[in-house]
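Order of the sequence lines fixes the chain letters, A, B, ..., with proteins taken first and strands second; residue numbering starts at 1 for each chain. Nothing here was measured: the structure is a model prediction, and the numbers come from that model.
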Amino acid sequence: MKSEITISELARLMNVSVHQIRYFEEKGVLEPAYTSDNQYRMYGMDEIYRLSHILLLRKLGVPVGLLKECMDNYSADQSRHLLQHFLHDVEDELKRLEQLRQFIRKVLHEQQSYSSLSSPYAIKQRDAVHLARLVEMDPSANLGARQIVERARRVPHLFESDIHYVWDDSNRLTLYTETEAPGDLVMPEGEYLTLQRPADQDDEMDQMIEQFSNCAADQGYIIQGPMVLIEKSYLSLFSKHKLHYELQALISPTDRTCKEVRR
DNA sequence: TTTCTCACA
DNA sequence: TGTGAGCA
């Protein structure tokens, strides 16, 4: 019995397709040990080791066109450099996946805490939040795609962020995203009255702001500083065709007995 | 079962 | 950079 194996046996052994082995042959990186009388390719131990080497290099991202050069001519230094480069790529990918994992956890957490609310209104104790300015709006202008493209500072993953809409005393609107301290604006630590719900951008929004102001007045809260509208667009995954908004305002600590506001 | 070739993603 | 199909 011959010790060499056929292409399908080699493919099974190395967990690749027959096609792929023939493709490596076409590219000049893996020749069979010999071709039998019936034109079948036959492979021995040398070819098995060579294929395992090829597959390892492919896993490291080496293009098929470079395999031959890499296996036959690379110095130890060149091989080490190749592995270091690949390690760097893997670390970048791990970083990307870690950020993705944290984002998914945040979305699930936000959705869970929103759906467990017994009332859209709540009082929250918040730590200071530092905000970075994104776009300043003219009072008359509407926020459109063009405006975001032209005027917003580039923010990676903008629509995965909590976008803060802040109106100043002259009713000028500025958009912010959360950032590390110091940032351009600070929402101080303290107790915030909050109203959360999905809404359409215009009509329902005005209504929401009005309701919020009325609620604060009814409950005797004194609003300190600007009212902030936080857009969590990623939560619209759970409320189709509506964006999720949370209105927040720092309240003065006149009434600490009322921890939940119902309407 | 394998080879080869061509089309396709 | 492979894969799928058809043919001998």
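- Qualifying salt bridge (Lys or Arg N to Asp or Glu O under 4.0 Å) partners for A:Arg101, counting only residues two or more places apart in sequence or in other chains: A:Glu98.
- Using modelled atom types, one side-chain atom of A:Thr194 and one backbone atom of A:Ala122 make a donor-acceptor pair closer than 3.5 Å.
- Judged purely by atom type and a 3.5 angstrom limit, A:His164 uses its side chain to pair as donor or acceptor with the backbone of A:Asp162.
- With sequence neighbours left out, A:Phe86 forms a ring-ring contact (aromatic ring centres under 6.0 Å, His included) with no residue at all.
- Tracing side-chain contacts under 4.5 Å through hydrophobic residues (I, L, V, M, F, W, Y), one never reaches A:Tyr74 starting from A:Leu57; they form parts of separate clusters.
- Every ring-ring contact (aromatic ring centres under 6.0 Å, His included) that A:Tyr114 has, sequence neighbours left out, goes to A:His244.
- Listed by first residue number, the stems of DNA chain B with at least three Watson-Crick or G-U pairs below 3.5 Å are B:4-9 with C:1-6.
- Atom CH2 of A:Trp167 and atom CG of A:Leu173 lie 5.5 Å apart (nearest 0.5 Å).
- Applying the salt bridge (charged side-chain N to carboxylate O under 4.0 Å, His left out) test to pairs two or more places apart or on separate chains, those with a residue in residues 21-33 of chain A are A:Glu25-A:Arg41.
- Environment of CD in A:Glu93: crowded, with over 12 heavy atoms of neighbouring residues, nucleotides or ligands closer than 6.0 Å.
- In the hydrophobic clustering of this structure, A:Met71 groups with A:Met45; members are Ile, Leu, Val, Met, Phe, Trp, Tyr whose side-chain heavy atoms approach within less than 4.5 Å, directly or through other members.
- The separation between A:Glu25 atom CD and B:dT2 atom P is 14 Å, rounded to whole Å.
- For DNA chain C, the neighbouring residues in residues 6-22 of chain A, judged by any heavy atom under 4.0 Å, are A:Ser17, A:His19, A:Gln20.
- Listed in residue order, the members of residues 58-67 of chain A having a heavy atom less than 4.0 Å from DNA chain C are A:Arg58, A:Pro63, A:Val64.
- Under the 4.5 Å side-chain heavy-atom criterion for Ile, Leu, Val, Met, Phe, Trp and Tyr, A:Leu94 and A:Leu83 are members of the same hydrophobic cluster.
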Please set out all donor-acceptor pairs under 3.5 angstrom arising from side-chain atoms of residues 5-15 of chain A, sequence neighbours excluded.
residue: A:Thr6; atom: OG1; partner: A:Ser8; partner atom: OG; Å: 3.3
residue: A:Thr6; atom: OG1; partner: A:Glu9; partner atom: N; Å: 3.4
residue: A:Thr6; atom: OG1; partner: A:Glu9; partner atom: OE1; Å: 3.3
residue: A:Glu9; atom: OE1; partner: A:Thr6; partner atom: N; Å: 2.9

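- Residues that satisfy the ring-ring contact (aromatic ring centres under 6.0 Å, His included) test with A:Tyr234, not counting sequence neighbours, are A:Phe103.
- In 5' to 3' order, the nucleotides of DNA chain C bounding all contacts with chain A (an atom under 4.0 Å from a heavy atom) are C:dT1 to C:dA5.
- Listed by residue number, A:Arg41 are the residues of residues 41-54 of chain A with a heavy-atom contact under 4.0 Å to DNA chain B.
- A distance-only check finds a donor-acceptor pair linking the side chain of A:Gln78 to the backbone of A:Ser75 [under 3.5 Å].
- With sequence neighbours left out, the salt bridge (Lys or Arg N to Asp or Glu O under 4.0 Å) criterion links A:Asp127 to no other residue.
- As a whole-Å value, the separation of A:Glu26 CD from B:dT5 P is 9 Å.
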